[in-house]
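Quick caveat: nothing in here was measured; it's all calculated off a predicted structure.
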Amino acid sequence: KNNCMGALKFRVLLDSEKDEEIFRDIVINEDDNFESFYRAILNSFNFEGKEIGSFFMSNDEWDKGHEISLMDMSYSDEDTEITSVMSEAKLTDFMEAPDQKIILVYDFLRMWIFLIELQERTEETVDKPQVKLAVGTAPPEDSKMIQDDAFYGEEGDEDMDFDEDFDDGYDDEDFGNGYEEYEY
């Protein structure tokens with residue numbers, strides 16, 4: 001261990017429709033890798049972590065930059081988009097700004113989004129990633145519909161009232177079943 005290594009404190013905000021803020025402050029050694037950070041984040045929000053996710057390095061506008069994925073997603077050598085793999089990517093190598101922003105997208109069907117901001121660097125290291133502060137209760141991991149607003153938007157309920165316009169013999173139940181093939 002060399003002495004100039006320290007730890008990084010990140011604030012991880014769960015992007016949710018709720019009015020309350022839901023965030024965790026996590027301290028992790030800067031020479032730890034993104035997979036360790038990924039597991040720490042999901043654990044801190046009580047997510048099981050069975051799905052896959054990707055970090056995107058970001059900026060003050062929260063644009064998605066360089067991708068760091070859980071699995072090696074590059075299918076061929078010609079793949080121009082170079083994607084890093086979490087287990088091989090050290091946190092410290094990607095911290096370009098003192099308030100470095102990172103986006104974590106978890107579960108590409110439900111699209112949970114975590115907005116991450118580097119808050120400070122400390123000289124003291126930690127044995128394993130630690131949650132220093134937890135604010136707000138995380139919603140259940142499966143509380144987001146896979147088809148989110150596509151078919152079940154709350155505002156859409158009035159619009160979904162097809163009976164008045166078309167009398168085609170479908171009742172609502174028949175209609176609902178047509179979408180089940182999407183629920184993988």
*Which is it for E141 and N46 under the side-chain contact (heavy atoms from CB on, under 4.5 Å) test, yes or no, and what are the steps along the way?*
CA-CA 8 Å; E141 185 176 336; N46 298 323; over 6 Å; no
_Set out, in order, the CA-CA distance, both residues' side-chain angles and the distance that settles side-chain contact (heavy atoms from CB on, under 4.5 Å) for L91 and N33, then state yes or no._
CA-CA 5 Å; L91 290 167; N33 65 45; over 6 Å; no
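- With sequence neighbours excluded, the residues forming a side-chain hydrogen bond (donor to acceptor under 3.5 Å, both in side chains) with S36 are D32, listed by chain and number.
- Between K90 and D31 no salt bridge is recorded (no basic side-chain N to carboxylate O distance below 4.0 Å).
- Side-chain contact between L42 and E48 is absent, with no heavy atoms from C-beta onward closer than 4.5 Å.
- For the atom pair CZ (F108) and CD (E51), the distance works out to 10.5 Å, reported to the nearest 0.5 Å.
- Here the straight-line distance linking atom CD1 of I68 with atom CD of E88 works out to 11.0 Å at 0.5 Å rounding.
- What you find for E67 and S54 is that their closest heavy atoms are OE2-OG, 2.6 Å.
- Checking side-chain atoms of N29 against main-chain N and O of V126 turns up a donor-acceptor pair under 3.5 Å.
- Summarising the local packing, CD of E20 is surrounded by more than 12 heavy atoms from other residues, nucleotides or ligands at distances under 6.0 Å.
- The distance from atom OG of S44 to atom CG of L14, rounded to the nearest 0.5 Å, is 9.5 Å.
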For a quick test of your reading: what N or O donor-acceptor pairs under 3.5 Å do the side chains of residues 93-100 make, sequence neighbours left out?
residue : atom : partner : partner atom : Å
D99     : OD2  : K101    : NZ           : 3.2
Q100    : OE1  : E96     : N            : 2.9
Q100    : OE1  : A97     : N            : 3.2
Q100    : NE2  : S58     : O            : 3.2

*Evaluate side-chain contact (heavy atoms from CB on, under 4.5 Å) for K9 paired with D25, printing each intermediate quantity in order.*
CA-CA 7 Å; K9 180 176 157 198; D25 287 355; 3.8 Å; yes
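- Formation of a donor-acceptor pair under 3.5 Å by the D107 side chain with backbone atoms of M111 is not found in this model.
- Note that CZ of F37 and CD1 of I26 are 5.5 Å apart. Values are rounded to the nearest 0.5 Å.
- Take R121 and apply the side-chain hydrogen bond (donor to acceptor under 3.5 Å, both in side chains) test, not counting sequence neighbours, and it matches E30.
- Residues S84 and H66 have side chains in contact (heavy-atom distance under 4.5 Å, counting atoms from C-beta outward).
- Using a 4.5 Å cut-off on side-chain heavy atoms (C-beta onward), K64 and V105 make contact.
- Two residues are said to be in side-chain contact when any heavy atoms from C-beta on lie closer than 4.5 Å; M86 and F55 meet this criterion.
- Shown here for I22 and P139, the closest heavy-atom pair between the two residues is CD1-CD, 3.9 Å.
- For D142, there are no side-chain hydrogen bond (donor to acceptor under 3.5 Å, both in side chains) partners, not counting sequence neighbours.
- Residues F34 and M57 approach most closely at CZ-SD, 4.0 Å, considering heavy atoms.
- Looking at F45, F10, Y106 one by one, the single match for ring-ring contact (aromatic ring centres under 6.0 Å, His included) with F114 turns out to be F45.
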Quiz: residues 130-138 side-chain donor-acceptor pairs under 3.5 angstrom, not counting sequence neighbours:
residue : atom : partner : partner atom : Å
Q130    : OE1  : K132    : NZ           : 2.9

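- Taking CG of L104 as the start and OH of Y38 as the end, the distance is 6.5 Å to the nearest 0.5 Å.
- The CD1 atom of I41 sits 7.5 Å away from the CD1 atom of I102 when rounded to the nearest 0.5 Å.
- Residues satisfying the side-chain hydrogen bond (donor to acceptor under 3.5 Å, both in side chains) criterion with E117, sequence neighbours excluded, are absent altogether.
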